[in-house]
Amino acid sequence: MKKVVLLAIAVLLYIGVNAQIVSSRSVGVNAAKSTSETLNYFRAGINMMKFAGDADDSESKTGYSVTYGFMKPMGSFGMYWGMEFGLGSRGGKSGDEFTQIAHNVQYSPFHLGYRYGFTDALKVDVHVGAYASFDYAGKIKIDDDGDKSEFNIGDWNEDLDDGGLEMDWRRYDVGLNAGIGIWYNNFNLDFNFQRGFIEAEKDGEYYTSNFMIRLGIAF
């Protein structure tokens, strides 16, 4: 999966560089987007996953985030609203004995942001919004004193007698995104915190907690 994220970042950088070249060769056209135009973008990067709440032994595990989104200006003073669609992950680990990752599709139906321009090229971007996700795949690895076992997401809620874990895992989640980033022309470095509001496991009292570092390209 790390190779997929690295490939996505490389593709985004290639697209961005070519977009910059095309823009610089255009006569009479500013590199910056007009304040009335919708800004589309791709972002990809790493996700430091863990669980918050009643999960004190939860440690960070590296995951990923790949998203497409847009920003629609609300007037000419820097405010905007937008949406995002993407693929991501959540999970965590406890030492080397327990590791968990769930792969999901994510949808942010609405987020608000403010971009403040220090110059025409350099802007800071603060944003907050809601998200919903659904886990379509996942894996748990357990190492019990050298006795290793793996369980796919379809086995997590199965009975122990049937080879499962009896977890009562909830594949869906709803929560909050909040982040800050820097734009330089069409390039973006974004830091985003994601907190789930639904218990990851029924009556488990622990929740999704992700911190993402992503590179982005606007077009």
Side-chain angles (χ1 to χ4, degrees), residues 1-2 4-16 19 32-50 52 62-75 78-91 101-117 123-138 170-198 200 207-219:
M1 187 56 67
K2 291 182 180 178
V4 174
V5 174
L6 291 174
L7 178 60
I9 292 174
V11 170
L12 294 180
L13 291 174
Y14 175 79
I15 294 173
K33 286 277 188 178
S34 167
T35 56
S36 65
E37 291 183 350
T38 298
L39 188 70
N40 297 276
Y41 60 87
F42 282 109
R43 287 189 180 123
I46 62 172
N47 175 16
M48 306 307 295
M49 317 176 301
K50 63 180 298 186
T62 303
Y64 63 95
S65 172
V66 179
T67 60
Y68 158 76
F70 69 83
M71 305 174 186
K72 182 68 175 177
M74 300 169 62
M79 290 289 293
Y80 67 85
W81 74 274
M83 301 172 67
E84 282 189 348
F85 310 85
L87 299 175
S89 60
R90 61 174 175 157
I101 185 169
H103 308 281
N104 53 45
V105 292
Q106 296 191 11
Y107 170 53
S108 176
F110 187 81
H111 64 259
L112 289 172
Y114 176 72
R115 296 211 306 166
Y116 176 80
K123 295 179 175 66
V124 63
D125 179 8
V126 180
H127 50 85
V128 62
Y131 79 90
S133 69
F134 180 80
D135 301 334
Y136 63 88
R170 287 171 164 164
R171 294 197 181 199
Y172 54 89
D173 192 22
V174 173
L176 177 72
N177 282 316
I180 185 170
I182 296 292
W183 286 92
Y184 184 75
N185 287 332
N186 291 339
F187 296 95
N188 173 230
L189 173 63
D190 187 75
F191 303 91
N192 186 65
F193 174 70
Q194 189 174 77
R195 177 63 153 81
F197 294 156
I198 297 177
Y207 306 84
T208 301
S209 179
N210 295 331
F211 178 69
M212 307 168 192
I213 303 174
R214 304 176 294 181
L215 295 177
I217 295 294
F219 60 95

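Any value given below was found using the heavy atoms of this structure, including those in side chains, with hydrogens, waters and symmetry copies removed. In what follows, residues are counted from 1 in the order of the sequence shown.
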> What class does the angle between the rings of Tyr136 and His103 fall in, given that below 30° is parallel, 30 to 60° is tilted and above 60° is perpendicular?
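Tyr136 and His103: tilted rings.
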> For Pro73 and Met71, which heavy atoms make the closest approach, and how far apart are they?
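Reported closest heavy-atom pair: CD-O, 3.7 Å.
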> Can you sort out the partners of Asp125 under salt bridge (charged side-chain N to carboxylate O under 4.0 Å, His left out), two or more places apart, ordered by chain and number?
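For Asp125 the salt bridge (charged side-chain N to carboxylate O under 4.0 Å, His left out) partners, ignoring immediate neighbours, are Arg43.
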> What distance separates Lys50 NZ from Arg90 CZ, expressed to the nearest 0.5 Å?
16.0 Å
> Just wondering, do Glu84 and Tyr41 contact through their side chains at under 4.5 Å, heavy atoms?
yes
> Taking everything shown except Phe193 itself, do over 12 heavy atoms lie less than 6.0 Å from its CZ?
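Check passes, neighbour count above 12.
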> Check whether any side-chain heavy atom of Gln194 lies under 4.5 Å from a side-chain heavy atom of Leu176, and answer yes or no.
no
> Would you give the length of the straight line joining atom CG of Asp190 to atom CD1 of Ile182, rounded to the nearest 0.5 angstrom?
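These two atoms lie 10.0 Å from each other.
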> When you measure from the side chain of Tyr80 to the backbone of Lys72, do you find a donor-acceptor pair of N or O atoms at a distance under 3.5 Å?
no
> When rounded to the nearest 0.5 angstrom, what distance separates OG in Ser65 from CG in Asn210?
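Going from OG on Ser65 over to CG on Asn210, the span is 8.5 Å.
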> Can you name the closest pair of heavy atoms from Ser89 and Met49 and give their distance?
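Looking at all heavy atoms of both residues, the closest pair is OG-SD, 3.1 Å.
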> Any chance you could measure Arg214, atom CZ, to Asn47, atom CG, to the nearest 0.5 Å?
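So the gap between those two atoms works out to 9.0 Å.
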> Sub-3.5 Å donor-acceptor pair from the side chain of Ser209 to the main-chain atoms of Arg195, do we have one?
no
> Is Leu39 close to Glu37 at the side-chain level, that is, under 4.5 Å between some pair of heavy atoms?
no
> In the structure I gave you, are the side-chain heavy atoms of Phe110 and Tyr131 within less than 4.5 Å of one another anywhere?
no
> Do you know which two heavy atoms are closest between Asp173 and Gly196, and how far apart they sit?
OD2-CA, 3.5 Å
> Would you compute the distance between atom CZ of Arg115 and atom CG of Asn188 and round it to the nearest 0.5 angstrom?
8.5 Å
> Give the minimum heavy-atom separation between Leu112 and Trp81, together with the two atoms involved.
CD2-CB, 3.9 Å
> Hey, mind stepping through Val105 and Leu87 against side chain to side chain contact (heavy atoms under 4.5 Å, CB included) and telling me if it holds?
CA-CA 5 Å; Val105 292; Leu87 299 175; 3.5 Å; yes
> Could you tell me if the side chain of Ile217 sits less than 4.5 Å from the side chain of Phe187, heavy atoms only?
yes
> With heavy-atom distances below 4.5 Å as the criterion, would you say the side chains of Tyr68 and Asn40 are in contact?
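Yes, close enough: below the 4.5 Å cut-off.
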> Would you say the side chain of Phe211 lies within less than 4.5 Å of the side chain of Ile213, judging by non-hydrogen atoms?
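They are in contact (side-chain heavy atoms under 4.5 Å apart), so the answer is yes.
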> I'd like to know if the side chain of Gln106 pairs up with that of Asn104 as donor and acceptor (distance under 3.5 Å, no hydrogens or angles considered).
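Yes - a donor-acceptor pair under 3.5 Å links their side chains.
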> Could you state the interatomic distance from OG1 (Thr62) to CD1 (Ile46), rounded to the nearest 0.5 Å?
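It is 6.0 Å, given to the nearest 0.5 Å.
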